[in-house]
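Notes for the one structure printed next.
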There are 2 protein chains.
Amino acid sequence: MATIEDVAKKAGLSRSTVSRVINRHPYVTEEKKKLVYDAMRELEYYPNSSAQRLRTQKTDTIAVLVPRLTNPFFPFLIEGLEMVAVDHGFQLLICQTHQDKEKELSFLNLLQTKQVDGLIFTSIENDWDTISSFKECGPIILCNEYRSEATFPVVRLNQVKGSYLGTRHLIEKGHQKIAYCGGTTSELGIDREKGFRKAVKEFDLEVREDWIFRDPFSIECGKRVLREIRAMEDRPTAIFTGSDEIAAGIIKEAKNLGVNIPEDIAVIGFDDQPIAELMEPTLTTIRQPTKEMGQKTMELMLAMLNNQAIIHEKHVIELPIQVISRESV
Amino acid sequence: MATIEDVAKKAGLSRSTVSRVINRHPYVTEEKKKLVYDAMRELEYYPNSSAQRLRTQKTDTIAVLVPRLTNPFFPFLIEGLEMVAVDHGFQLLICQTHQDKEKELSFLNLLQTKQVDGLIFTSIENDWDTISSFKECGPIILCNEYRSEATFPVVRLNQVKGSYLGTRHLIEKGHQKIAYCGGTTSELGIDREKGFRKAVKEFDLEVREDWIFRDPFSIECGKRVLREIRAMEDRPTAIFTGSDEIAAGIIKEAKNLGVNIPEDIAVIGFDDQPIAELMEPTLTTIRQPTKEMGQKTMELMLAMLNNQAIIHEKHVIELPIQVISRESV
DNA sequence: TTGAAAGCGCTAACAC
DNA sequence: GTGTTAGCGCTTTCAA
């Protein structure tokens with residue numbers, strides 16, 4: 001493998017000049033530039049990035065922590081993040097935590113060991129104290145999931161509002177008996193439940209604790225929820241869910257059980273993934289501007305890396321959220 | 001940021017000893033080991049991986065080239081790759097080519113610049129000559145997509161057989177007029193078409209060239225294909241498709257147009273993604289053992305990196321493929 | 001069992 | 001404009 005030294009020798013110049021050519025510095029004569037390029041070509045030289053990184057203390061890489069890639073929400077989010085990153089010469093290191101605290105910590109280690117210049121959380125597993133201790137290691141942003149104690153910038157949606165709007169939509173369609181399916185471990189989940197409760201209370205309806213289903217996340221979970229509901233004596237007429245996948249599972253199981261949607265029970269999803277349009281009936285859902293959220297996040301990250309703007313540690317960007325009305329409600 | 005030097009000083013030892021402790025070398029007394037650990041903790045020391053990489057000439061990172069993450073096939077494949085990689089202390093650098101030749105080349109550059117130890121293609125954009133010129137840069141494996149000229153190891157399915165079985169399934173269900181939707185730019189696509197043609201000919205049926213739809217890839221493409229078919233005078237009674245997404249698009253559009261599946265037209269997908277079970281009717285499809293393919297590929301990569309086995313450059317691993325019969329045929 | 005020292009490949013003062 | 005040189009932080013002979 002050729003090194004910069006080899007190129008310098010072959011070109012009859014110094015390492016510095018070669019380095020200048022590589023890094024497109026001004027003040028190199030065309031003549032010598034050509035000499036360098038020729039030598040590089042002949043030797044099939046490519047700069048060693050570990051050496052560059054060590055020397056410059058930059059990696060031009062941003063770590064993105066996601067729970068898992070098989071949840072389509074995250075690939076779409078990554079799409080937005082990547083678009084902006086690539087435009088600015090950065091690459092993404094995508095890290096699946098699989099909802100594991102230890103794994104999450106091991107990825108935070110990337111920042112400590114200088115394998116990445118910055119890190120973006122799209123989900124959070126560990127306690128806030130644990131995570132905040134990494135503050136000194138480099139720029140960190142919370143995107144999608146968040147913590148109110150956070151002393152990092154946050155890019156998020158107003159989840160209270162999202163679920164409030166979704167629930168109100170169900171109520172306005174005439175539903176009074178509404179079940180809720182959502183996460184409880186994240187602040188995002190807690191906020192969604194708040195929005196749900198807010199809407200229900202606003203219309204003087206009752207929140208039935210036995211109609212609250214905690215921490216479902218998959219198609220399978222959705223199926224199970226519907227089975228549990230069908231086993232009840234007093235059943236809800238509508239279900240609010242925390243993802244299109246859960247909602248899809250409910251719809252699927254409804255078919256198996258001969259339950260009609262939305263007549264017997266209405267369902268609203270969350271995210272507006274492609275699957276929402278494919279289901280029969282099509283899925284009413286709460287659209288998150290996923291890609292935009294990714295873009296905004298990466299723009300913020302780049303600004304932090306450049307110290308362009310002084311980013312306040314309580315900097316919060318909130319993006320709009322809306323109900324997409326289809327057939328399942 | 002603390003360096004190994006700082007730790008050495010604080011512990012009253014040499015850099016070498018600290019390094020030995022970091023790398024769990026034998027022959028360090030417990031006493032000194034403790035001294036080092038204490039110093040590391042106090043200084044919040046973490047080894048700089050750029051320096052380690054430069055010194056050891058290893059990155060413990062494998063690049064995985066995928067067309068895009070929003071096609072669920074690839075996250076599942078990555079799942080398999082990652083499982084094995086993580087077990088052996090490797091991380092994945094996931095690279096989306098977005099079907100772009102230039103981007104693909106820029107990722108091959110990762111190997112040249114020593115940012116990764118090995119590289120896995122799951123799709124191929126450039127000419128074989130272009131790609132094969134990277135052979136000297138490090139271990140490369142083709143996974144999923146392949147080229148018969150390949151002088152790299154290949155992990156793949158027998159695509160000819162897959163589409164042959166799928167087409168035969170359609171024929172055995174009584175279909176004689178079968179349309180084909182698939183890629184033509186990749187060898188994988190060409191092989192699938194071969195399998196299709198083989199089955200059709202074997203049953204003395206005709207391949208109608210105007211029923212061949214080239215290079216569809218999305219839900220939207222599927223919709224378009226069905227519209228084109230409905231505009232024909234003489235229509236096929238079944239469609240073979242190259243992905244569950246295309247098939248889902250066809251089914252979706254069929255509903256819009258009041259076309260019954262499988263009565264008016266049968267559809268078979270490819271991949272067996274979660275969506276196949278969610279569609280109504282459920283999707284008959286050709287299952288690829290995606291995760292296993294990922295696992296096998298990474299095992300092979302690790303073997304290549306260790307020179308454990310001498311991997312023949314024409315090494316080909318072929319995994320089984322089967323038809324999953326549901327309602328759409 | 002430990003330390004001294006060389007060097008991985010590169011960039012950036014600084015000097016000319 | 002170009003070259004000399006120091007050094008980024010680490011591992012690994014080699015010698016003791």
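Because the structure is predicted, anything quoted here is derived from the model rather than measured.
Counting heavy-atom neighbours within 6.0 Å of A:Lys296 NZ, excluding the residue itself, gives a total of 12 or less. Within 6.0 Å of the NZ atom in A:Lys135, the count of heavy atoms belonging to other residues, nucleotides or ligands exceeds 12.
D:dG9 atom C1' lies 14 Å from atom CD of A:Gln115, rounded to whole Å. In this structure, CG of B:Asn48 is placed 6 Å from C1' of D:dG9, rounded to the nearest angstrom. We find that CD of B:Glu5 is positioned 10 Å from P of C:dA4, with the value rounded to whole Å. D:dT12 atom P lies 7 Å from atom CG of B:Asn23, rounded to whole Å. Per the geometry, CD belonging to B:Gln57 stands 12 Å off C1' belonging to C:dC10, to the nearest Å. If you measure from atom CD of B:Gln112 to atom C1' of C:dG9, you get 16 Å, rounded to the nearest angstrom. To the nearest angstrom, C1' of D:dG3 lies 15 Å from NE2 of A:His25. Separating the CZ atom of B:Arg53 from the C1' atom of D:dG9 is a distance of 14 Å, rounded to the nearest angstrom.
Summarising the geometry of A:Met298 relative to A:Ile120, their closest heavy-atom pair is CE-CD1, 3.8 Å, with the distance given to 0.1 Å.
Neither OP1 nor OP2 of C:dA12 sits under 4.0 Å from any side-chain N or O of A:Tyr27. At the phosphate of C:dC8, neither OP1 nor OP2 sits under 4.0 Å from any side-chain N or O atom of B:Gln52.
Using modelled atom types and a 3.5 Å distance limit, the side chains of B:Gln115 and B:Thr61 yield no donor-acceptor pair. A:Thr17 and A:Ser14 share a donor-acceptor pair across their side chains, judged by distance under 3.5 Å alone.
Residue contacts for A:Arg20: at a heavy-atom cut-off of 4.0 Å it reaches a base atom on one of the strands shown.
Using a 4.0 Å cut-off between charged nitrogen and carboxylate oxygen, A:Lys101 and A:Glu104 do not count as a salt-bridge pair.
Proximity of residues 9-17 of chain B to DNA chain C (heavy atom under 4.0 angstrom from any strand atom) is restricted to B:Leu13, B:Ser14, B:Arg15, B:Ser16, B:Thr17. Listed in residue order, the members of residues 29-44 of chain B having a heavy atom less than 4.0 Å from DNA chain D come to none.
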**OP:** Applying side-chain hydrogen bond (donor to acceptor under 3.5 Å, both in side chains), run through A:Glu79 and B:Thr70 and close with a yes or a no.
**Re:** CA-CA 8 Å; A:Glu79 201 85 353; B:Thr70 49; 4.7 Å; no

Subject >> Full working for salt bridge (Lys or Arg N to Asp or Glu O under 4.0 Å) between A:Lys10 and A:Asp6 >> reply: CA-CA 6 Å; A:Lys10 175 140 232 151; A:Asp6 302 330; over 6 Å; no

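The side-chain heavy atoms of B:Thr122 and B:Leu65, taken from C-beta on, include no pair separated by under 4.5 Å.
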